[in-house]
A.B. asks: 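I am attaching a structure below and will ask some questions about it afterwards.
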Amino acid sequence: MNFIEELKWRGMIHDMMPGTEEQLNKEMTSAYIGIDPTADSLHIGHLVSIMLMKHFQIAGHKPIALVGGATGMIGDPSGKSEERNLLDEETLRHNQQCIQIQINHFLDFSDSLPNKAEMTNNYDWMKNFSFLGFLRDVGKHISISYMMAKDSVKKRLETGISFTEFTYQLVQGYDFLWLYENKNCKLQMGGSDQWGNITTGTELIRRKTGGEAFALTCPLITKADGGKFGKTESGNIWLDPAKTSPYHFYQFWLNCSDDDAEKYIKIFTLFSKSEIDALIEQHRVEPHLRLLQKAIAKEVTSNVHSEKDYQSAVEASEILFGKGTYETLNKLDEQTLLSVFDGVPRFNIAKSSLTDGIDIVDFLCEHTQIFPSKSEARRMLKENGVQLNKTRIGESYKLTTANLLNQKYLLVQKGKKNYYLVVTNENEYD
RNA sequence: GGGGAGAUACCAGAGCGGUCAAAUGGGACAGACUGUAAAUCUGUUGGCGCAGCCUUCGGAGGUUCGAAUCCUCCUCUCCCCA
């Protein structure tokens, strides 16, 4: 199965330029995908691009990951309703380094490979490009009407777009031209929102060099309920374990809806068509087993983090959602307890404050900041939404040292999924 | 530069002198159901020493027994004309 066929059954092709498939069949081709270094970690939205490149490399072609140091300084108007904040160079460099480390998990950068993956930063060739030079060498080839016809620009004309963002497509187009000329890169891939920017690149290549370059986009990942993919109440799902713990990362995939899971397993795992078909079929018979979600969660968590992180995420999940009761919780040794709740918000209080017993409401708002106000804590307690060490408690509950797990810890649960670990210290001032 | 409209809780948006801690919708959170799902139903959604009190309707003053509501000034946003 070639690259295009592979992507097709996975539902990863939104659009491509005529001739793309022929080009790929003809020879080993280089393709690039741009990544905006807006943060010091990728999030799972980027995973789609990474998987695209992964498949591309598996199919024997050469993927180039382009970090948009220069373009990140300008801001892509696509899909944005407002002008963007600009990033400074230091931040961009730092972000690039972090991103590189994460991409290393997925693509093969070994020198021995003819199609080894590469990473570049467009800042390197843009930083010394003079303004006049750019106007003469790039701007001259593209007309205003061509640029204005792009959706990303059209949508913003009403609300306002700066000259800087208007120019964005030229800068990205130039990237493509540069890679075409210097690295023989003939294809640019990206999300479907990038189509306009990509075609400015192919147009520029055609007009300036007479050469032919291609475009391929994948659909933007959506959720069946219309929500934004990759976001939870608490924000983005990051690949950096310091930003999103492996446990939460695992939970994200496990919580996908059935419809989404059927889609995601094709995009985010490398399972073969027959394996996936079998899984889907089985999942439809016994949906409550959530085989699909578990398969995705296992695969993606192991790839992004590690096999070991996956194992502990499963363990933690079993304790938290399985038959977890006060008894099982109390049986855990300190080591296990801490590893299970690694990444869970943590509060420290003095052990001495418990000796006389404290009011649960005071405990929840004053000693810890689990609730922002006492009203909210009371409300939630009335609604039966608070659990202490897996046991539901009421508004008038008094907390004493007898509640401590391992003489040291308290597990507070707000609703079903929000856990807080409270650690007591012997020392008042610790 | 001239003229007009507006600013209300997380968002949208009613209220236009007392009965307003502020309708309604969305979102969010919780409970029931369940598969840690979806759908559905129920409840909550300013604070506190919670049958009561305190602080909120862009900001600062003023009128009034009483202001989100009326007046003055200021700040900001949007629209139209030049």
Side-chain angles (χ1 to χ4, degrees), chain A residues 81-83 156-161 222-237 244-265 279-298 300-301 310 312-325 328-329 340-341 343-345 358-367 369-388 390-398 411-420:
Chain A
S81 54
E82 281 176 13
E83 191 81 10
R156 284 280 296 280
L157 284 179
E158 287 287 313
T159 54
I161 182 168
T222 54
K223 291 206 301 187
D225 65 6
K228 204 167 180 213
F229 171 74
K231 295 263 186 185
T232 63
E233 319 80 68
S234 41
N236 271 322
I237 303 291
T244 301
S245 71
Y247 165 73
H248 284 289
F249 188 85
Y250 169 81
Q251 282 287 323
F252 170 81
W253 296 103
L254 197 66
N255 278 318
C256 289
S257 74
D258 294 354
D259 289 345
D260 290 338
E262 290 191 15
K263 212 163 53 181
Y264 295 168
I265 195 159
L279 265 172
I280 290 180
E281 198 182 320
Q282 206 176 343
H283 180 258
R284 284 184 180 158
V285 179
E286 305 171 289
H288 57 282
L289 294 181
R290 289 186 296 159
L291 290 170
L292 279 178
Q293 284 91 337
K294 283 179 184 164
I296 302 172
K298 176 179 179 180
V300 183
T301 309
Y310 159 72
S312 28
V314 173
E315 260 170 54
S317 303
E318 267 165 17
I319 291 165
L320 297 178
F321 293 103
K323 52 220 170 292
T325 58
T328 52
L329 201 60
V340 165
F341 295 106
V344 160
I358 47 175
D359 191 60
I360 186 67
V361 176
D362 290 338
F363 169 74
L364 291 173
C365 315
E366 284 174 13
H367 297 260
Q369 285 78 49
I370 294 174
F371 286 91
S373 78
K374 292 190 180 179
S375 300
E376 199 172 320
R378 288 212 179 84
R379 205 182 294 137
M380 193 79 99
L381 284 160
K382 269 188 204 130
E383 289 166 345
N384 256 331
V386 180
Q387 294 180 53
L388 175 72
K390 297 299 263 180
T391 311
R392 291 193 189 278
I393 51 172
E395 209 180 332
S396 52
Y397 196 86
K398 281 262 187 284
L411 179 68
V412 181
Q413 199 175 344
K414 186 160 92 176
K416 268 183 196 143
K417 295 181 188 176
N418 302 300
Y419 288 91
Y420 302 87

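This structure is a prediction, so every number in the text was calculated from the model and none was measured. Proteins come first, then strands; the chains are lettered A, B, ... in the order of their sequence lines, and each starts at number 1.
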A.B. asks: Roughly how far apart, to the nearest Å, are rA30(B) and rA39(B) at atom P?
C.D. replies: 15 Å
A.B. asks: With rounding to whole Å, what would you report as the distance between rC53(B) and rG61(B) at their P atoms?
C.D. replies: 26 Å
A.B. asks: Of Pro372(A) and Pro287(A), whose closest RNA chain B nucleotide lies nearer the 5' terminus?
C.D. replies: Pro287(A)
A.B. asks: Counting only Watson-Crick or G-U wobble pairs whose two distances fall under 3.5 Å, which nucleotide matches rG35(B)?
C.D. replies: none
A.B. asks: CD of Glu262(A) versus P of rG35(B): gap in Å, rounded?
C.D. replies: 19 Å
A.B. asks: At 4.0 Å (heavy atoms only), tell me whether Arg379(A) reaches a base, stays on the sugar-phosphate, or touches nothing.
C.D. replies: sugar-phosphate
A.B. asks: Can you tell me, in whole Å, how much space there is between the P of rA23(B) and that of rG31(B)?
C.D. replies: 25 Å
A.B. asks: So does Lys374(A) pair up with Asp362(A), basic N to acidic O under 4.0 Å?
C.D. replies: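 Between Asp362(A) and Lys374(A) there is a salt bridge, with a charged N closer than 4.0 Å to a carboxylate O.
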A.B. asks: Classify the nucleic acid contact of Ser373(A) as base, sugar-phosphate or nothing, counting any heavy atom under 4.0 Å across all strands shown.
C.D. replies: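 It contacts sugar-phosphate atoms only.
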A.B. asks: Only pairs with both distances under 3.5 Å count, Watson-Crick or wobble alike; so what is the partner of rG6(B) in this structure?
C.D. replies: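 Pair assignment: rG6(B) / rC76(B).
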A.B. asks: Could you state the CG-C1' distance from Asn384(A) to rC29(B), rounded to the nearest angstrom?
C.D. replies: 15 Å
A.B. asks: Both His283(A) and Gly385(A) contact RNA chain B. Taking the nearest nucleotide for each, which residue is further toward the 5' end?
C.D. replies: Gly385(A)
A.B. asks: Can you tell me if the side-chain N/O atoms of Arg378(A) get under 4.0 Å from OP1 or OP2 in rC48(B)?
C.D. replies: no
A.B. asks: Categorize Asn255(A) for me: base, sugar-phosphate, or nothing, with a 4.0 angstrom heavy-atom threshold over every strand shown.
C.D. replies: base
A.B. asks: With distance as the sole criterion, do the side chain of Lys416(A) and the base of rU34(B) form a donor-acceptor contact below 3.5 Å?
C.D. replies: yes
A.B. asks: Look through every strand shown and name the nucleotide pairing with rU64(B) as Watson-Crick or G-U wobble, where both distances are under 3.5 Å.
C.D. replies: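 Checking every strand shown, rU64(B) finds no partner, since no pair has both distances under 3.5 Å.
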A.B. asks: So do Gln387(A) and Ile393(A) actually touch side chain to side chain, heavy atoms under 4.5 Å?
C.D. replies: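 In short, these two side chains do not touch, never coming nearer than 4.5 Å.
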A.B. asks: Just how far, in rounded Å, is C1' of rU45(B) from NZ of Lys414(A)?
C.D. replies: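 Between C1' of rU45(B) and NZ of Lys414(A): 13 Å.
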A.B. asks: If the C1' atom of rG4(B) is compared with that of rC11(B), how far apart are they to the nearest Å?
C.D. replies: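 These two C1' atoms come out 27 Å apart once rounded.
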A.B. asks: Under the 3.5 Å rule, do the base of rU45(B) and the side chain of Glu376(A) count as making a donor-acceptor pair?
C.D. replies: no
